[in-house]
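Each residue takes its place number in the sequence, starting with 1.
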Amino acid sequence: LKDFVYMTPDVINFTMNKDSLNWFVIANKTITGFEGVSTSIAVSKDANHLFVGTEEGKIYRISNLALAYDAARADVNNTTCIVSTKLIADFEGRVVTGLAVDPQDENHIMATLGNYGYTDYVFNCTNAIAETPEFASVQGDLPAMPVYTIIVEMSNSNHAIIGTDMGIYETTDLDSWSYAGENIGAVPVFELKQQTINHYPIVVNGSNRMITNYGAIYAATGGRGVFESETFVG
């Protein structure tokens, strides 16, 4: 919702009816200063920090979520709430299309921007948990075009993969970019996700089986469906 961010601790509680889920307001305009329409989110590996990008070009950091497990601690309408919200970047006039937190370092986040007619679309931050985070362009030799999504590959903090208006690009030094979507083509890629969880067995026909796609990357395109890359599996 505009000017609101909600959180529920019950999303994987399959014993609860969807109408009974507990939703907490963890950020809003009136109390925490959060303003705008959310367009992208990313959470740190320890689940303590949530980064939210907006349609208006702002990036907010919402912190202390790891201990915010009930309404008293999580809902900003309560005086005992421990959640804090801070505006950490403002790309005025741009849409924040994608955010990614480095699985190895909660201080390292990356952001992508949309809109035509600009020169810089990918930004890097190495002090995201600091009082005043700083974002620097890592556009390098990437063609100037809207970028819609980004991931930091879980085993290499310098390896970023992005979905753009013309397919997938990647970098391993946060500077020089190369085309990486040969099997997808020059089509918009709106979402990238990597399977980063490996410790939950799944039950198939009554038997426990371990996850076999650990490290796989999935790409959702505009018009060509969803693709999977097993390059990083194993």
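- The 12-atom threshold is not exceeded at CD1 of I41, counting heavy atoms of other residues, nucleotides or ligands nearer than 6.0 Å.
- In the hydrophobic clustering of this structure, I150 does not group with I217; members are Ile, Leu, Val, Met, Phe, Trp, Tyr whose side-chain heavy atoms approach within less than 4.5 Å, directly or through other members.
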For this session: Report the C-alpha separation of I168 and I161 in whole Å, then their side-chain angles, then the decisive distance to 0.1 Å, and conclude whether the side-chain contact (heavy atoms from CB on, under 4.5 Å) test is met.
Result: CA-CA 7 Å; I168 293 177; I161 305 170; 3.7 Å; yes

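- Scanning all heavy atoms of the two residues, the minimum distance from E182 to Y179 falls at OE2-O, 3.4 Å.
- Aromatic ring centroids of F91 and F123 lie under 6.0 Å apart.
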For this session: Give the intermediate values and the outcome of side-chain contact (heavy atoms from CB on, under 4.5 Å) for residues F24 and N22.
Result: CA-CA 7 Å; F24 310 136; N22 296 301; 4.1 Å; yes

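- Separating the NZ atom in K2 from the NZ atom in K29 is a distance of 6.5 Å, to the nearest 0.5 Å.
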For this session: Would you sort out whether N158 and T172 count as a side-chain hydrogen bond (donor to acceptor under 3.5 Å, both in side chains), showing the intermediate values?
Result: CA-CA 5 Å; N158 290 320; T172 54; over 6 Å; no

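- For the pair Q194/F232, a side-chain contact is recorded, criterion being any heavy-atom separation below 4.5 Å from C-beta on.
- Both I62 and V43 belong to a single network of hydrophobic side chains, linked directly or stepwise wherever heavy atoms of I, L, V, M, F, W or Y lie under 4.5 Å apart.
- Inspection of the T132 and E134 side chains reveals no N or O donor paired with an N or O acceptor under 3.5 Å.
- With rounding to the nearest 0.5 angstrom, the CD atom of E191 is 9.5 Å from the OG atom of S40.
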Exercise. Hey, mind stepping through I109 and I88 against side-chain contact (heavy atoms from CB on, under 4.5 Å) and telling me if it holds?
Worked result: CA-CA 12 Å; I109 70 172; I88 62 172; 4.3 Å; yes

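- Using bins of under 30°, 30° to 60° and over 60° for the plane-to-plane angle, the ring pair Y6/F4 lands in the parallel bin.
- Proximity of a side-chain donor or acceptor of R224 to a complementary backbone N or O of V187 within less than 3.5 Å is not detected.
- Without hydrogens or angle criteria, N28 side chain to I31 main chain gives a donor-acceptor distance under 3.5 Å.
- Between the N107 side chain and the I129 main chain, a donor and an acceptor come within less than 3.5 Å of each other.
- Side-chain polar atoms of D141 and Y169 form no donor-acceptor pair below 3.5 angstrom.
- With hydrogens and angles ignored, the 3.5 Å screen pairs no side-chain donor or acceptor of D3 with any backbone N or O of V37.
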Exercise. What's the verdict on side-chain hydrogen bond (donor to acceptor under 3.5 Å, both in side chains) for E153 and S155, showing C-alpha distance, side-chain angles and the deciding distance?
Worked result: CA-CA 6 Å; E153 205 283 311; S155 61; 2.4 Å; yes

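- In this structure, A128 and R61 approach most closely via the heavy-atom pair O-NH1, 2.6 Å.
- With a 4.5 Å cut-off on side-chain heavy atoms, M110 and C125 do not count as touching.
- At least one side-chain heavy atom of D10 sits less than 4.5 Å from a side-chain heavy atom of L21.
- A donor atom on one side chain and an acceptor atom on the other are found under 3.5 Å apart for T97 and T112.
- At least one donor-acceptor pair closer than 3.5 Å links the side chain of T80 to the backbone N or O of A72.
- Considering all non-hydrogen atoms of both residues, H108 and S157 come closest at CE1-O, 3.2 Å.
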Exercise. Is there a side-chain hydrogen bond (donor to acceptor under 3.5 Å, both in side chains) between D75 and N77 once you walk through the steps?
Worked result: CA-CA 5 Å; D75 199 301; N77 293 297; 2.8 Å; yes

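- Both F190 and Y116 sit in one connected hydrophobic cluster of ILVMFWY residues. Membership requires side-chain heavy atoms under 4.5 Å apart, directly or through other members.
- For the atom pair CG (L142) and CE (M166), the distance works out to 12.0 Å, reported to the nearest 0.5 Å.
- Counting all heavy atoms, side chain and backbone alike, V101 lies closest to E106 at CG1-CA, 4.1 Å.
- Scanning all heavy atoms of the two residues, the minimum distance from V152 to N156 falls at CG1-O, 3.9 Å.
- Scanning all heavy atoms of the two residues, the minimum distance from T32 to A27 falls at OG1-CA, 3.5 Å.
- Ring-plane geometry between F34 and Y60 is classed as tilted, the angle between the planes lying from 30 to 60 degrees on a 0 to 90 degree scale.
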Exercise. Passes side-chain contact (heavy atoms from CB on, under 4.5 Å), R73 versus C81? Steps please.
Worked result: CA-CA 4 Å; R73 292 170 175 251; C81 178; over 6 Å; no

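- By the neighbour-count criterion of 12 heavy atoms within 6.0 Å, atom CE of M145 is densely surrounded, having more than that number from other residues, nucleotides or ligands.
- Contact annotation: the side chain of I162 never approaches that of T149 to less than 4.5 Å [non-hydrogen atoms, C-beta and beyond].
- W177 places a side-chain N or O within 3.5 Å of a backbone atom of Q139 that can act as its donor or acceptor partner.
- Side-chain atoms of Y121 and N115 form no donor-acceptor pair, as typed in the model, at a separation below 3.5 Å.
- A donor-acceptor contact shorter than 3.5 Å links the side chain of T39 to the backbone of V96.
- Two residues are said to be in side-chain contact when any heavy atoms from C-beta on lie closer than 4.5 Å; Q195 and I211 meet this criterion.
- Cluster annotation: L1 and W23 are assigned to the same hydrophobic cluster (Ile/Leu/Val/Met/Phe/Trp/Tyr, side-chain heavy-atom contacts under 4.5 Å, transitive).
- Formation of a donor-acceptor pair under 3.5 Å by the Q104 side chain with backbone atoms of M154 is found in this model.
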Show which side-chain atoms of residues 45-52 pair as donor or acceptor with protein atoms under 3.5 Å away, not counting sequence neighbours.
{"from": "D46", "atom 1": "OD1", "to": "S44", "atom 2": "OG", "distance (Å)": "2.6"}
{"from": "D46", "atom 1": "OD1", "to": "N48", "atom 2": "N", "distance (Å)": "3.0"}
{"from": "N48", "atom 1": "OD1", "to": "L65", "atom 2": "N", "distance (Å)": "3.2"}
{"from": "N48", "atom 1": "OD1", "to": "A66", "atom 2": "N", "distance (Å)": "3.1"}
{"from": "H49", "atom 1": "ND1", "to": "S63", "atom 2": "OG", "distance (Å)": "2.8"}

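- F135 places a side-chain heavy atom less than 4.5 Å from the side chain of I59.
- Under the 4.5 Å side-chain heavy-atom criterion for ILVMFWY residues, a single connected hydrophobic cluster contains both L87 and V5.
- In summary, E131 and K86 engage in a salt bridge, as defined by a charged side-chain N under 4.0 Å from a carboxylate O.
- Atoms CD and NE2, from E170 and H159 in turn, are 4.0 Å apart once rounded to the nearest 0.5 Å.
- A heavy-atom distance below 4.5 Å is not found between the side chains of V95 and L113.
- The shortest side-chain heavy-atom distance between L192 and I151 falls under the 4.5 Å cut-off.
- Looking at N124 and T126, their side chains never bring a donor and an acceptor atom within 3.5 Å of each other.
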